[in-house]
Amino acid sequence: MAHFHPAQEIQNLQFFGEFGGVNPSIEDSSTYTFLQASRMSELFEKEIEGCYLYSRHMNPTNRYLAQALAAMEKTESALVTASGMGAITCTLLQLCGAGDEIVASRVIYGGTYAFLKNVAPRWGIKTTFIDFRDPELIENAITERTRVVYCEVMSNPLLELADLEKISSICRKHRVKLVVDNTFTPLMVSPSLWGADVVIHSLTKFINGTSDTVAGTICASHDFIHQLTDVNNGMLMLLGPVMDSLRSASVLKNLHSLSVRMMKHSANALHIAQRLSEAGMKVIYPGLESHPQHELAKKLFRPEYGFGGMVVLDVGTREKSFALMEEMQNQNIGYLAVSLGFYKTLFSSPGASTSSEIPEEERKAIGLTDGLIRMSIGLDHDPEHTFQKIRKCVERIGI
Ligand code: PLP
(Lines give C-alpha, C1' and ligand atoms only; values in the text may rest on other atoms or scores of the structure.)
Protein backbone atom coordinates (compact mmCIF):
# COMPACT_ATOMS: atom_id res chain seq x y z
CA MET A 1 0.00 0.00 0.00
CA ALA A 2 2.92 2.32 0.78
CA HIS A 3 3.90 2.71 -2.89
CA PHE A 4 0.46 3.36 -4.28
CA HIS A 5 -0.51 7.00 -4.60
CA PRO A 6 -3.79 7.80 -6.35
CA ALA A 7 -2.68 11.25 -7.54
CA GLN A 8 0.44 9.71 -9.10
CA GLU A 9 -1.70 7.10 -10.87
CA ILE A 10 -3.84 9.83 -12.42
CA GLN A 11 -0.72 11.82 -13.37
CA ASN A 12 0.78 8.76 -15.10
CA LEU A 13 -2.10 8.47 -17.57
CA GLN A 14 -1.68 9.72 -21.14
CA PHE A 15 -4.82 10.30 -23.17
CA PHE A 16 -4.27 12.08 -26.48
CA GLY A 17 -6.80 13.64 -28.82
CA GLU A 18 -7.42 12.44 -32.36
CA PHE A 19 -4.83 14.90 -33.80
CA GLY A 20 -2.34 14.68 -30.94
CA GLY A 21 -4.30 17.06 -28.72
CA VAL A 22 -3.22 17.16 -25.08
CA ASN A 23 -6.78 16.38 -24.04
CA PRO A 24 -8.61 13.35 -25.44
CA SER A 25 -11.12 14.00 -28.22
CA ILE A 26 -14.74 14.21 -27.21
CA GLU A 27 -16.88 11.54 -28.83
CA ASP A 28 -19.98 13.46 -29.72
CA SER A 29 -22.10 10.54 -30.95
CA SER A 30 -24.85 8.44 -29.48
CA THR A 31 -24.36 5.61 -31.99
CA TYR A 32 -21.52 4.02 -34.01
CA THR A 33 -21.21 2.60 -37.52
CA PHE A 34 -20.09 -0.93 -38.42
CA LEU A 35 -18.49 -2.17 -41.63
CA GLN A 36 -19.88 -5.67 -41.15
CA ALA A 37 -23.30 -6.49 -39.76
CA SER A 38 -21.86 -9.61 -38.09
CA ARG A 39 -19.54 -7.42 -36.00
CA MET A 40 -22.55 -5.54 -34.63
CA SER A 41 -24.28 -8.72 -33.51
CA GLU A 42 -20.98 -9.94 -31.96
CA LEU A 43 -20.80 -6.80 -29.86
CA PHE A 44 -24.19 -7.61 -28.35
CA GLU A 45 -22.63 -10.86 -27.06
CA LYS A 46 -19.28 -9.61 -25.77
CA GLU A 47 -17.05 -6.58 -25.44
CA ILE A 48 -14.58 -6.01 -28.32
CA GLU A 49 -11.56 -3.77 -27.70
CA GLY A 50 -11.94 -0.43 -29.51
CA CYS A 51 -15.50 -1.13 -30.72
CA TYR A 52 -18.49 0.89 -29.57
CA LEU A 53 -22.16 0.21 -30.12
CA TYR A 54 -24.30 2.85 -28.47
CA SER A 55 -23.39 5.53 -25.94
CA ARG A 56 -25.75 4.31 -23.21
CA HIS A 57 -23.70 1.13 -23.24
CA MET A 58 -20.27 2.78 -23.43
CA ASN A 59 -18.75 5.91 -24.90
CA PRO A 60 -14.99 6.43 -25.51
CA THR A 61 -14.99 9.78 -23.68
CA ASN A 62 -16.73 8.27 -20.68
CA ARG A 63 -14.23 5.44 -20.79
CA TYR A 64 -11.29 7.86 -20.42
CA LEU A 65 -12.82 9.32 -17.28
CA ALA A 66 -13.72 5.85 -15.98
CA GLN A 67 -10.14 4.65 -16.55
CA ALA A 68 -8.78 7.61 -14.61
CA LEU A 69 -11.18 6.95 -11.74
CA ALA A 70 -10.33 3.23 -11.68
CA ALA A 71 -6.64 4.19 -11.53
CA MET A 72 -7.41 6.59 -8.68
CA GLU A 73 -9.41 4.03 -6.70
CA LYS A 74 -7.11 1.11 -7.60
CA THR A 75 -9.93 -1.03 -8.90
CA GLU A 76 -9.80 -3.15 -12.06
CA SER A 77 -12.43 -1.09 -13.78
CA ALA A 78 -14.99 1.70 -13.41
CA LEU A 79 -18.05 3.29 -14.98
CA VAL A 80 -19.31 6.84 -14.92
CA THR A 81 -22.96 7.69 -14.34
CA ALA A 82 -25.28 10.67 -14.69
CA SER A 83 -25.29 11.27 -10.90
CA GLY A 84 -24.03 9.90 -7.62
CA MET A 85 -27.53 8.55 -6.95
CA GLY A 86 -27.43 6.80 -10.34
CA ALA A 87 -24.23 5.06 -9.22
CA ILE A 88 -25.65 4.10 -5.81
CA THR A 89 -29.03 2.83 -6.98
CA CYS A 90 -27.66 0.86 -9.96
CA THR A 91 -25.00 -0.77 -7.77
CA LEU A 92 -27.44 -1.83 -5.07
CA LEU A 93 -30.07 -3.08 -7.52
CA GLN A 94 -27.39 -5.06 -9.38
CA LEU A 95 -26.27 -6.74 -6.16
CA CYS A 96 -29.67 -7.29 -4.54
CA GLY A 97 -33.01 -8.74 -5.62
CA ALA A 98 -36.30 -9.57 -3.93
CA GLY A 99 -35.76 -11.19 -0.53
CA ASP A 100 -32.21 -9.86 -0.15
CA GLU A 101 -31.02 -7.64 2.67
CA ILE A 102 -28.63 -4.73 3.09
CA VAL A 103 -26.92 -3.66 6.31
CA ALA A 104 -26.37 0.11 6.05
CA SER A 105 -24.94 2.79 8.26
CA ARG A 106 -27.67 4.83 9.94
CA VAL A 107 -25.77 8.02 9.09
CA ILE A 108 -25.67 8.37 5.31
CA TYR A 109 -26.67 10.97 2.72
CA GLY A 110 -30.44 11.60 2.93
CA GLY A 111 -31.09 10.55 -0.69
CA THR A 112 -29.40 7.18 -0.18
CA TYR A 113 -31.31 6.74 3.07
CA ALA A 114 -34.62 7.54 1.33
CA PHE A 115 -33.86 5.08 -1.46
CA LEU A 116 -33.06 2.27 0.99
CA LYS A 117 -35.93 3.06 3.34
CA ASN A 118 -38.74 3.91 0.88
CA VAL A 119 -37.90 2.63 -2.59
CA ALA A 120 -35.78 -0.53 -2.25
CA PRO A 121 -38.56 -2.29 -0.27
CA ARG A 122 -40.72 -1.99 -3.43
CA TRP A 123 -38.18 -4.36 -5.04
CA GLY A 124 -38.41 -6.62 -1.93
CA ILE A 125 -35.05 -5.44 -0.57
CA LYS A 126 -34.89 -4.83 3.17
CA THR A 127 -32.31 -2.61 4.89
CA THR A 128 -31.20 -2.70 8.52
CA PHE A 129 -29.71 0.62 9.67
CA ILE A 130 -26.89 0.27 12.22
CA ASP A 131 -24.43 2.47 14.12
CA PHE A 132 -21.31 1.68 12.09
CA ARG A 133 -18.95 3.04 14.73
CA ASP A 134 -19.39 -0.34 16.42
CA PRO A 135 -18.43 -3.09 13.90
CA GLU A 136 -19.83 -5.77 16.25
CA LEU A 137 -23.32 -4.39 15.59
CA ILE A 138 -22.73 -4.84 11.85
CA GLU A 139 -21.77 -8.48 12.31
CA ASN A 140 -24.84 -9.10 14.49
CA ALA A 141 -27.12 -7.57 11.83
CA ILE A 142 -25.87 -9.79 8.99
CA THR A 143 -28.21 -12.67 8.15
CA GLU A 144 -28.02 -15.37 5.48
CA ARG A 145 -30.05 -13.02 3.23
CA THR A 146 -27.56 -10.14 3.53
CA ARG A 147 -25.86 -9.34 0.23
CA VAL A 148 -24.40 -5.89 0.88
CA VAL A 149 -22.88 -3.86 3.70
CA TYR A 150 -23.14 -0.16 2.79
CA CYS A 151 -21.52 2.92 4.29
CA GLU A 152 -19.79 6.22 3.60
CA VAL A 153 -16.11 6.47 4.56
CA MET A 154 -16.88 9.78 6.28
CA SER A 155 -20.57 10.13 6.82
CA ASN A 156 -22.80 12.89 5.55
CA PRO A 157 -23.40 14.98 7.61
CA LEU A 158 -22.01 13.87 11.01
CA LEU A 159 -18.46 13.09 9.79
CA GLU A 160 -18.44 9.70 11.52
CA LEU A 161 -15.80 7.35 10.14
CA ALA A 162 -16.13 3.73 9.04
CA ASP A 163 -13.33 1.43 10.19
CA LEU A 164 -12.96 -0.10 6.73
CA GLU A 165 -10.37 -2.68 7.81
CA LYS A 166 -12.64 -4.18 10.48
CA ILE A 167 -15.80 -3.88 8.40
CA SER A 168 -14.24 -5.51 5.32
CA SER A 169 -12.97 -8.45 7.35
CA ILE A 170 -16.53 -9.01 8.65
CA CYS A 171 -17.80 -8.83 5.06
CA ARG A 172 -15.23 -11.36 3.84
CA LYS A 173 -16.09 -13.72 6.69
CA HIS A 174 -19.79 -13.64 5.77
CA ARG A 175 -19.23 -13.43 1.97
CA VAL A 176 -21.06 -10.14 1.75
CA LYS A 177 -20.07 -7.30 -0.62
CA LEU A 178 -18.79 -4.09 0.96
CA VAL A 179 -20.01 -1.03 -0.96
CA VAL A 180 -18.44 2.26 0.12
CA ASP A 181 -19.31 5.86 -0.81
CA ASN A 182 -16.05 7.86 -0.84
CA THR A 183 -17.59 11.20 -1.89
CA PHE A 184 -16.34 13.21 1.15
CA THR A 185 -12.80 11.81 1.08
CA PRO A 186 -11.44 11.42 -2.48
CA LEU A 187 -7.66 10.74 -2.67
CA MET A 188 -7.56 10.90 1.15
CA VAL A 189 -8.41 7.22 1.45
CA SER A 190 -8.48 4.26 -0.95
CA PRO A 191 -11.32 2.00 0.25
CA SER A 192 -10.38 -0.83 -2.14
CA LEU A 193 -7.01 -1.14 -0.38
CA TRP A 194 -8.88 -1.63 2.90
CA GLY A 195 -11.03 -4.37 1.33
CA ALA A 196 -14.06 -2.59 -0.19
CA ASP A 197 -15.57 -4.39 -3.22
CA VAL A 198 -17.26 -1.38 -4.81
CA VAL A 199 -16.29 2.28 -4.39
CA ILE A 200 -18.80 4.97 -5.35
CA HIS A 201 -18.46 8.72 -5.69
CA SER A 202 -20.78 11.55 -6.39
CA LEU A 203 -18.44 13.32 -8.84
CA THR A 204 -20.68 16.35 -8.40
CA LYS A 205 -18.70 17.28 -5.27
CA PHE A 206 -14.91 17.53 -4.72
CA ILE A 207 -13.88 15.51 -7.78
CA ASN A 208 -15.46 17.86 -10.30
CA GLY A 209 -15.13 20.79 -7.93
CA THR A 210 -16.80 23.49 -10.02
CA SER A 211 -20.48 22.94 -9.07
CA ASP A 212 -21.49 22.89 -12.73
CA THR A 213 -22.17 19.18 -13.17
CA VAL A 214 -24.10 16.31 -11.57
CA ALA A 215 -22.23 13.04 -12.08
CA GLY A 216 -21.18 9.78 -10.42
CA THR A 217 -18.91 6.77 -10.67
CA ILE A 218 -18.79 3.10 -9.74
CA CYS A 219 -15.28 1.65 -9.30
CA ALA A 220 -15.11 -2.14 -9.01
CA SER A 221 -13.91 -5.41 -10.57
CA HIS A 222 -14.08 -6.05 -14.35
CA ASP A 223 -16.70 -8.67 -13.64
CA PHE A 224 -19.03 -6.32 -11.74
CA ILE A 225 -18.64 -3.51 -14.31
CA HIS A 226 -19.54 -5.99 -17.08
CA GLN A 227 -22.59 -7.06 -15.11
CA LEU A 228 -23.75 -3.42 -14.90
CA THR A 229 -23.47 -2.89 -18.67
CA ASP A 230 -24.86 -6.27 -19.72
CA VAL A 231 -27.51 -5.72 -22.41
CA ASN A 232 -29.89 -8.23 -20.81
CA ASN A 233 -29.39 -7.72 -17.07
CA GLY A 234 -27.23 -4.67 -16.47
CA MET A 235 -28.78 -1.99 -14.27
CA LEU A 236 -26.75 0.80 -15.83
CA MET A 237 -27.63 -0.35 -19.33
CA LEU A 238 -31.32 -0.86 -18.57
CA LEU A 239 -32.12 1.89 -16.06
CA GLY A 240 -29.95 4.18 -18.19
CA PRO A 241 -28.35 6.90 -16.01
CA VAL A 242 -25.54 7.53 -18.50
CA MET A 243 -23.25 10.56 -18.37
CA ASP A 244 -23.04 12.88 -21.34
CA SER A 245 -19.64 12.81 -23.06
CA LEU A 246 -19.24 16.62 -23.06
CA ARG A 247 -19.65 16.55 -19.31
CA SER A 248 -17.33 13.64 -18.71
CA ALA A 249 -14.60 15.42 -20.72
CA SER A 250 -14.92 18.44 -18.43
CA VAL A 251 -14.90 16.31 -15.25
CA LEU A 252 -11.69 14.59 -16.45
CA LYS A 253 -9.97 17.97 -16.87
CA ASN A 254 -11.04 19.01 -13.37
CA LEU A 255 -9.86 15.69 -11.90
CA HIS A 256 -6.28 16.74 -12.68
CA SER A 257 -6.41 19.52 -10.10
CA LEU A 258 -8.14 17.45 -7.40
CA SER A 259 -4.95 16.74 -5.48
CA VAL A 260 -4.00 20.41 -4.95
CA ARG A 261 -7.62 21.36 -4.27
CA MET A 262 -8.02 18.67 -1.59
CA MET A 263 -4.87 19.85 0.19
CA LYS A 264 -6.15 23.42 0.32
CA HIS A 265 -9.72 22.45 1.30
CA SER A 266 -8.30 20.35 4.14
CA ALA A 267 -5.73 22.91 5.33
CA ASN A 268 -8.40 25.64 5.41
CA ALA A 269 -10.91 23.36 7.14
CA LEU A 270 -8.40 22.36 9.84
CA HIS A 271 -7.51 25.99 10.54
CA ILE A 272 -11.13 27.12 10.73
CA ALA A 273 -12.21 24.09 12.82
CA GLN A 274 -9.35 24.67 15.29
CA ARG A 275 -10.00 28.39 15.61
CA LEU A 276 -13.77 27.95 16.04
CA SER A 277 -13.17 25.26 18.63
CA GLU A 278 -10.70 27.50 20.54
CA ALA A 279 -13.37 30.22 20.42
CA GLY A 280 -15.66 27.86 22.35
CA MET A 281 -17.90 26.74 19.47
CA LYS A 282 -19.14 23.15 19.26
CA VAL A 283 -17.30 21.79 16.21
CA ILE A 284 -17.25 18.35 14.59
CA TYR A 285 -14.09 17.79 12.55
CA PRO A 286 -12.05 14.56 12.36
CA GLY A 287 -8.81 16.55 12.50
CA LEU A 288 -9.59 17.78 16.02
CA GLU A 289 -8.45 15.64 18.94
CA SER A 290 -11.94 16.12 20.38
CA HIS A 291 -13.37 14.03 17.50
CA PRO A 292 -14.09 10.59 19.01
CA GLN A 293 -12.56 8.87 15.97
CA HIS A 294 -9.52 11.12 15.54
CA GLU A 295 -7.13 8.14 15.81
CA LEU A 296 -9.07 6.20 13.17
CA ALA A 297 -8.95 9.29 10.91
CA LYS A 298 -5.15 9.32 11.24
CA LYS A 299 -5.05 5.64 10.33
CA LEU A 300 -7.36 5.91 7.29
CA PHE A 301 -6.32 9.22 5.70
CA ARG A 302 -3.18 9.98 3.68
CA PRO A 303 -1.34 12.59 5.77
CA GLU A 304 -0.79 15.12 2.96
CA TYR A 305 -4.55 15.54 2.54
CA GLY A 306 -5.21 16.18 6.21
CA PHE A 307 -8.74 15.51 7.40
CA GLY A 308 -10.92 16.77 4.56
CA GLY A 309 -12.84 19.89 3.68
CA MET A 310 -16.03 19.34 5.69
CA VAL A 311 -16.67 21.00 9.06
CA VAL A 312 -19.86 20.76 11.11
CA LEU A 313 -20.91 23.43 13.63
CA ASP A 314 -23.57 22.94 16.26
CA VAL A 315 -25.14 26.27 17.18
CA GLY A 316 -27.95 24.79 19.29
CA THR A 317 -31.18 25.68 17.52
CA ARG A 318 -32.61 25.80 14.03
CA GLU A 319 -33.33 29.55 14.40
CA LYS A 320 -29.70 30.32 15.24
CA SER A 321 -28.40 28.09 12.44
CA PHE A 322 -30.65 29.83 9.89
CA ALA A 323 -29.66 33.29 11.17
CA LEU A 324 -25.93 32.47 11.13
CA MET A 325 -26.07 31.02 7.61
CA GLU A 326 -27.90 34.07 6.27
CA GLU A 327 -25.41 36.40 7.96
CA MET A 328 -22.42 34.42 6.63
CA GLN A 329 -23.86 34.70 3.14
CA ASN A 330 -24.47 38.44 3.58
CA GLN A 331 -20.84 38.85 4.64
CA ASN A 332 -19.70 36.89 1.54
CA ILE A 333 -18.07 34.12 3.58
CA GLY A 334 -19.78 31.66 1.27
CA TYR A 335 -23.14 30.61 -0.08
CA LEU A 336 -26.20 29.17 1.61
CA ALA A 337 -26.41 26.15 -0.68
CA VAL A 338 -26.40 22.36 -0.51
CA SER A 339 -23.57 20.34 -2.10
CA LEU A 340 -19.85 20.54 -1.43
CA GLY A 341 -16.37 20.72 -2.88
CA PHE A 342 -16.73 24.18 -4.48
CA TYR A 343 -14.07 26.96 -4.46
CA LYS A 344 -16.46 29.00 -2.35
CA THR A 345 -17.54 27.82 1.10
CA LEU A 346 -21.02 26.28 0.98
CA PHE A 347 -23.21 25.82 4.05
CA SER A 348 -26.56 24.27 4.77
CA SER A 349 -28.62 22.95 7.64
CA PRO A 350 -28.68 19.16 7.12
CA GLY A 351 -31.81 18.64 9.25
CA ALA A 352 -33.73 21.06 7.03
CA SER A 353 -32.22 19.99 3.71
CA THR A 354 -29.93 17.12 2.66
CA SER A 355 -30.89 14.89 5.60
CA SER A 356 -34.53 15.94 5.92
CA GLU A 357 -35.51 12.57 4.37
CA ILE A 358 -34.50 11.00 7.70
CA PRO A 359 -37.52 11.20 10.05
CA GLU A 360 -37.15 13.65 12.97
CA GLU A 361 -37.07 11.02 15.73
CA GLU A 362 -34.32 9.09 13.90
CA ARG A 363 -32.37 12.30 13.36
CA LYS A 364 -32.58 12.93 17.12
CA ALA A 365 -31.44 9.37 17.88
CA ILE A 366 -28.31 9.72 15.75
CA GLY A 367 -27.43 13.21 17.03
CA LEU A 368 -28.41 15.03 13.85
CA THR A 369 -29.87 18.01 15.66
CA ASP A 370 -31.57 21.09 14.20
CA GLY A 371 -28.73 23.40 15.21
CA LEU A 372 -26.17 21.75 12.94
CA ILE A 373 -24.57 23.64 10.07
CA ARG A 374 -22.63 21.58 7.52
CA MET A 375 -19.87 23.59 5.94
CA SER A 376 -17.86 22.67 2.86
CA ILE A 377 -14.84 24.88 3.35
CA GLY A 378 -13.73 26.63 0.17
CA LEU A 379 -10.33 27.39 -1.31
CA ASP A 380 -10.08 30.74 0.52
CA HIS A 381 -6.67 32.38 0.26
CA ASP A 382 -6.43 33.16 4.01
CA PRO A 383 -8.40 30.91 6.39
CA GLU A 384 -7.60 33.14 9.40
CA HIS A 385 -9.34 36.03 7.64
CA THR A 386 -12.33 33.73 6.99
CA PHE A 387 -12.37 32.65 10.65
CA GLN A 388 -12.37 36.28 11.81
CA LYS A 389 -15.34 36.99 9.54
CA ILE A 390 -17.23 33.94 10.87
CA ARG A 391 -16.42 34.99 14.45
CA LYS A 392 -17.94 38.43 13.85
CA CYS A 393 -21.10 36.82 12.40
CA VAL A 394 -21.34 34.53 15.44
CA GLU A 395 -21.05 37.56 17.75
CA ARG A 396 -23.63 39.52 15.77
CA ILE A 397 -26.15 36.65 15.94
CA GLY A 398 -25.45 36.23 19.65
CA ILE A 399 -24.45 32.57 19.70
N1 PLP B 1 -23.27 10.48 -1.71
C2 PLP B 1 -23.06 11.51 -0.88
C3 PLP B 1 -22.20 11.33 0.32
C4 PLP B 1 -23.68 12.74 -1.14
O5 PLP B 1 -23.46 13.79 -0.31
C6 PLP B 1 -24.51 12.87 -2.28
C7 PLP B 1 -25.20 14.15 -2.61
O8 PLP B 1 -25.27 15.07 -1.86
C9 PLP B 1 -24.70 11.76 -3.10
C10 PLP B 1 -24.06 10.58 -2.80
C11 PLP B 1 -25.59 11.84 -4.31
O12 PLP B 1 -24.89 12.38 -5.38
P13 PLP B 1 -25.58 13.17 -6.61
O14 PLP B 1 -26.17 14.42 -6.05
O15 PLP B 1 -24.44 13.40 -7.55
O16 PLP B 1 -26.62 12.25 -7.17
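Just so you know, ligand 1 is whichever comes first in the structure, and atom 1 is the first atom listed for that ligand.
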Thinking salt bridges, do E395 and K392 make one under a 4.0 Å N-O criterion?
no
Out of T89, N182, N156, T213, indicate the one that has the non-hydrogen atom closest to atom 5 (O) of ligand 1.
N156
Strictly below 4.0 Å, N to O, side chains only: are E384 and R275 in salt-bridge contact?
yes
Salt bridge check: are K299 and E295 linked by an N-O gap of less than 4.0 Å?
no
Distance-only N or O hit between ligand 1 and G84, under 3.5 Å:
yes
Please confirm whether I88 approaches ligand 1 to less than 4.0 Å, judged on its heavy atoms.
yes
Step by step, work out the salt bridge (Lys or Arg N to Asp or Glu O under 4.0 Å) result for E139 and K173.
CA-CA 10 Å; E139 181 146 32; K173 182 169 151 200; 2.6 Å; yes
Who gets closest to atom 14 (O) of ligand 1 by heavy atom: K205, H201, M85?
K205
How close does the nearest protein non-hydrogen atom get to atom 15 (O) of ligand 1, and which residue and atom is it?
T204 OG1, 2.6 Å
Using a plain distance cutoff, I'd like to know if E152 has any nitrogen or oxygen under 3.5 Å from a nitrogen or oxygen of ligand 1.
no
Hey, is R63 close enough to E47 for a salt bridge, meaning N to O under 4.0 Å?
yes
Would F206 and H201 count as a close aromatic pair, with their ring centres under 6.0 Å?
no
Can you tell me which residue and heavy atom of the protein come closest to atom 11 (C) of ligand 1, and the distance to 0.1 Å?
Y109 CE2, 3.6 Å
Which ligand 1 atoms does S83 reach within 4.0 Å, using its non-hydrogen atoms?
15 (O), 16 (O)
Identify which one of I142, I125, T143, V148 satisfies the side chain to side chain contact (heavy atoms under 4.5 Å, CB included) criterion when paired with E101.
T143
Under the salt bridge (Lys or Arg N to Asp or Glu O under 4.0 Å) rule, what pairs show up with a residue in residues 281-292, not counting sequence neighbours?
K282-D314
Return yes or no for this condition: an N or O of D181 is under 3.5 Å from an N or O of ligand 1.
yes
Just to check, does A215 reach to within less than 4.0 Å of ligand 1 when the distance is taken from its heavy atoms?
yes
With heavy atoms of S202 as the reference, note each atom of ligand 1 found under 4.0 Å away.
9 (C), 10 (C), 12 (O), 13 (P), 15 (O)
